[in-house]
Amino acid sequence: MNADNPRPQPPAAPQADARKWWALAGLALSLLVVGLDLTVLNVALPTLATSLHASTSQLQWFANSYNLAMAIALLPGGLLGDRFGRKRMLLISLTAFGVASGFCAFASNAGELIAWRVVLGLGAALLIPLSMSVLAVLFTPEERPRAMGIWATANMVGIPLGPILGGWLLDHFWWGSVFLINLPIVVLGLLAVLWLVPESRAERKPRIDVPGLLASAVGLAAVTYGLIKAGDAGWGSVQAVAPMIGGLIVLAGFVQLQRRPQQTLIDLDLFRARGFTWGTILSTIVSFALFGLMFTLPQFYQAVEGADALGTGLRLLPLIGGMIVGVRAGQPFLPKVGAAPLIGTGFTLLTASLLIGSTTGVDDGYGFVAFWLTMGGVGVGLAMPITMNAALNELSPERAGVGSGLLMTIRQIGGTVAIAVLGTVLNSTYRHKVTPATAHLPAQAADAVTRSASSGVAVAQKLHSAPLLESVRSALVHATSLTMWVSAGFAVVGVLAATRLPHRTSVPTAPAEGSESTGDLLNAVD
């Protein structure tokens, strides 16, 4: 690929214009449930602990099994679409997601739920890069920023919506309803893909790189597992360090494998294009900073403001509103000023939001929180879709699947790193600040207080100890402030990195000779 002298891409067929936007709507709905399932279980864990007699470790794996499966399957997901057909693999991934949702809802024990959450994660892992790769086929470079804005919004909004929907469902129905809500949306997604999305694949079918598949799966699984354990047991734990080191060694060998001719699982040449490289880096940094808000705020709302699960979710609505405003505000200016200034503005707003948020105290009202949370949402909405579009613009239809899978894999690992790093900062700072207040408590009560802020609040309320409650809340506020400072540091890196992006990113190169053109693909609806 020559990013400096791209060849123009054939225009889309005019008669397909309306259909492709409806197809995108169906895909966006499907992506919404993927985001929901990342966070919807957070509010259901106490109920699951009782209903399924789950241990603390099993509760952790209800969420982690989904994330681990996604990390393993994101990379080959795009390759499978390039080889066997993106429409076909989208239908398979949606079907797997729907079937797994049904079995999760009626799981009779913790082991069953964990197993079906793995299948759910595999379905989601295929759906994300495949739906993104379809954008490179359906839409022209001029239309793609708007399409990516819709795609990214659906991808982002589902995450904060999870606690809202989950809290409401648990207030009115049994715990399985948090999975059954996926089914009607999956059916709509299946119909949209079946009727509106054209079949497309690489003309020169990439071969299945079995050694590469195994190496990437083992390496990504080990690194992700180590990061998950680091968030729980600390970065010095052998349980965390050993799999991370082992996984990195395997991934280093995997990269060397991909340098050999005919290796197709990842396309290392993509990193020769500044748009793809810096778009991928910047979208990962946005994810990191976003997790800074998503990880800390629910604990702050519940421990400091006394909000329940539904109330916590509702308090995240300004973040969603800000995202939507940011996405819509950036699109009209993109052709005029280019990607880099808009991304820099988004990261600046996000940095300011996190720094203002770090000053939030126990006595500050929700209006103050809603103000800086909305500002952060605008920053994320402005930066996220444009950074991802910068990377997508370097992908021809021929390499859309492989490139999308690589981009989303890096983002997924970045999100896991964010949770591990920010979790360590939050938990260690909280324990350090609250430990002096537990000196007079029995060992069991002191252990509960230092374990988490929610446990500390429960102990203080049970003991009717106002001083202990104040100490727990103050410790959490201090820990939240420091965590947001760390997130703000990464956002500042994003501001600086935005200057490395080409001022006006290139359009994708044309497919290789003999491959299907965009216009042909839009007319080739099965």
Side-chain angles (χ1 to χ4, degrees), residues 34 38 57-58 60-80 114-115 117-126 128-129 208-260 263-268 270-271 276-277 280-281 283-285 287-288 291 295 402-425 427-428 486 490 493:
V34 173
L38 281 170
S57 176
Q58 287 171 327
Q60 292 172 342
W61 279 106
F62 288 159
N64 292 340
S65 58
Y66 184 79
N67 296 331
L68 193 59
M70 287 183 66
I72 293 171
L74 275 169
L75 194 56
L79 172 67
L80 293 174
I114 292 172
R117 285 282 286 174
V118 170
V119 180
L120 201 66
L122 293 175
L126 293 175
I128 293 172
I208 300 299
D209 175 15
V210 176
L213 279 172
L214 293 175
S216 67
V218 171
L220 289 170
V223 170
T224 304
Y225 177 83
L227 290 169
I228 290 170
K229 296 303 292 183
D232 298 332
W235 288 87
S237 167
V238 175
Q239 292 175 297
V241 175
M244 277 193 285
I245 293 176
L248 288 173
I249 292 173
V250 173
L251 288 178
F254 164 71
V255 171
Q256 290 303 312
L257 277 176
Q258 296 304 299
R259 293 181 181 275
R260 298 166 58 191
Q263 302 303 309
T264 57
L265 191 55
I266 64 173
D267 187 350
L268 296 176
L270 287 171
F271 291 106
F276 183 84
T277 300
T280 300
I281 292 171
S283 66
T284 303
I285 295 174
S287 298
F288 197 112
F291 273 106
F295 184 78
V402 170
S404 298
L406 181 57
L407 167 61
M408 298 311 298
T409 298
I410 294 173
R411 279 195 61 211
Q412 175 70 15
I413 294 297
T416 308
V417 171
I419 292 174
V421 170
L422 298 176
T424 300
V425 172
N427 293 334
S428 60
V486 173
F490 278 88
V493 172

Suppose we screen for side chain to side chain contact (heavy atoms under 4.5 Å, CB included). Which residues come up paired with Val493, at least two apart in sequence or across chains? Ile285
Can you name the residues that form a side chain to side chain contact (heavy atoms under 4.5 Å, CB included) with Ile245, not counting sequence neighbours? Val241, Ile249
Contacts of Tyr66 that satisfy ring-ring contact (aromatic ring centres under 6.0 Å, His included) - sequence neighbours left out: none
For a quick test of reading the model, state the closest non-hydrogen atom pair linking Gly247 to Ala222 and the distance between them. CA-CB, 3.6 Å
Between Ala69 and Ala125 the two heavy atoms that sit nearest each other are O-CB, 4.2 Å
What one should report as the nearest heavy-atom pair of Ser65 and Ile114 is OG-O, 3.7 Å
Smallest separation among heavy atoms of Val238 and Pro243, with atom names: O-CD, 3.8 Å
